[in-house]
*Asks:* 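Shown below is the structure under consideration.
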Amino acid sequence: MLIDTYDPLKGRMLQILDPKGNVDKALEPRLDKETLIRAYKTMVLTRAADDKAVRLQRQGRLGAYPPSKGQEASQVGPALTLEKDDWMVWAFRELGALLLRGAPLWKFYLYWMGNEEGSNYGPGINITPSAVPVGSQVPHAVGISFASRYRGDKQVTLCYFGDGATSEGDFHEGLNFAGVFKTPTVFVCQNNQWAISVPRSHQTAAATIAQKAVAYGIPGIQVDGNDILALYAATKEAVDRARRGDGPTLIESYTYRMGDHTTSDDATRYRIGAELKEWSERDPISRFQIYLVSKGLWSAEEEKAWQAEVLRTVEEEVRKAESYPPPTLEDAFKHTYAEMPEDLRREMESLARDLGRKEG
Ligand SMILES: Cc1ncc(C[n+]2csc(CCOP(=O)(O)OP(=O)(O)O)c2C)c(N)n1
Ligand SMILES: [Mg+2]
């Protein structure tokens, strides 16, 4: 078992596919061609869709946006282990995981264009809305998984958060509760080395984030976050454990945020170029591509065709988002409760009256 072998206190990081695309045959997960190609195609689509979002923001067509570049494996690898009915709880930098699980890209754009309707991914897609208040989604994920177990369902909840979120009380409360009640939760910390301009070294004095699991009495493992095979293997084991009733796991996905924190940030003011260069050599997409080509599962022609299709898809999804009706005043009130409570209704009506008076 990988999770037992990679004791987080010993500081060993799981890697199966190295930056040059060499695979560790003893640990290589047995994934069929269809799954591997689906993961790869999603990662390529994620990069293009993400790049487009940044450009849309620069053109004034989308609000502040947190880029995913460099974290595609870290997002897609864990999501690949989920069954259709499982829950996924995310922060705000998980585009690849959303796309893999069937959330429409145009809805994702719509959300970042400021329309709450963008959080409604459609029926049967068990993904919570984005949680921008850092760490706030961790107790939610634990609550969802606790409810699944209480009802006797077999669902597992996968919860993403960043390295910065581990400094929030919500992280502690969530993991502590999960450990005590053995909830079927898999925690994936996307340690991208930065929380806006705060480096990982200032976030915690602990040698790894994975080792924090020890204090909650749960297993933890640090994984190369740019290695899709390692992320898949570790998360699959954790998901299987959770589904069997063996409780939660903390996975530290050791990756890097290649872009700015958001489009409102300028990372060149606090990061050195050498760091960026070093991480660009560990790119998650290129190493996966080398692996697929070497196995005879992907070719230069297929790459060309997919790149072209991705560009068409992205343009089409932007068009859908931009032609959606703009948000209304009610949207700011509508989406918290299934049925709007009376006091909230009064607040909404009062605001509508005030705005009416100002405009009139
Ligand atoms: C409770 C709270 N405090 C501060 C912020 C401002 N803020 C937004 S993202 C962020 C950093 C988050 O870092 P991390 O958890 O590592 O995620 P990353 O942005 O690196 O994906 C901060 C401080 C916030 N959104 N919520
Ligand atoms: Mg971070």
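We count ligands from 1, going down the list as the structure has it; atoms in each ligand are counted the same way.
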*Asks:* Is it the case that the side chains of Gln75 and Ser68 hold a donor-acceptor pair, with the cut-off being a distance below 3.5 Å and no angle test?
*Replies:*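 Side chains of Ser68 and Gln75: pair found under 3.5 Å.
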*Asks:* Relative to ligand 1, is Asn192 under 4.0 angstrom through side chain, backbone, both or neither, heavy atoms considered?
*Replies:*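 Side chain only.
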*Asks:* Show which atoms of ligand 1 fall inside a sub-4.0 Å distance from at least one heavy-atom site of Pro133.
*Replies:*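 Counting from 1, the qualifying ligand atoms are 26 (N).
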*Asks:* Taking the Mg ion (ligand 2) as the centre, count the protein N/O/S atoms lying under 2.8 Å from it.
*Replies:*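 Every protein N, O or S atom under 2.8 Å from the Mg ion (ligand 2) counted, the figure is 3.
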*Asks:* Going by the atom numbers of ligand 1, which of them fall below 4.0 Å from some non-hydrogen atom of Arg93?
*Replies:*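 So the answer, numbered in order with elements, is 18 (P), 19 (O), 21 (O).
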*Asks:* At under 4.0 Å between heavy atoms, is it the side chain or the backbone of Gln203 that contacts ligand 1, or both, or neither?
*Replies:*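 For Gln203, no heavy atom sits under 4.0 Å from ligand 1.
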*Asks:* Given the side-chain rings of Tyr160 and Phe187, with only the six-membered ring counted for Trp, is the space between their centroids under 6.0 Å?
*Replies:*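 No: the rings miss the under 6.0 Å criterion.
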*Asks:* Compute the minimum heavy-atom distance from Glu168 to ligand 1 and say whether it is under 4.0 Å.
*Replies:*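 Yes, Glu168 has a heavy atom closer than 4.0 Å to ligand 1.
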*Asks:* The criterion is salt bridge (charged side-chain N to carboxylate O under 4.0 Å, His left out); which residues satisfy it with Glu72, sequence neighbours excluded?
*Replies:*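 Result, salt bridge (charged side-chain N to carboxylate O under 4.0 Å, His left out) vs Glu72: Arg47.
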*Asks:* Please verify whether a non-hydrogen atom of Arg257 lies at under 4.0 Å from ligand 1.
*Replies:*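 Checking ligand 1 against Arg257, which is what was asked, there is no heavy-atom contact under 4.0 Å.
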*Asks:* What part of Phe161, side chain from CB on, backbone N/CA/C/O, both or neither, has a heavy atom under 4.0 Å from ligand 1?
*Replies:*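 For Phe161, there is no contact with ligand 1 at all, from either part.
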*Asks:* Compare all side-chain heavy atoms of Asn226 with those of Tyr254 and state whether any distance is below 4.5 angstrom.
*Replies:*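 A side-chain contact under 4.5 Å is absent here.
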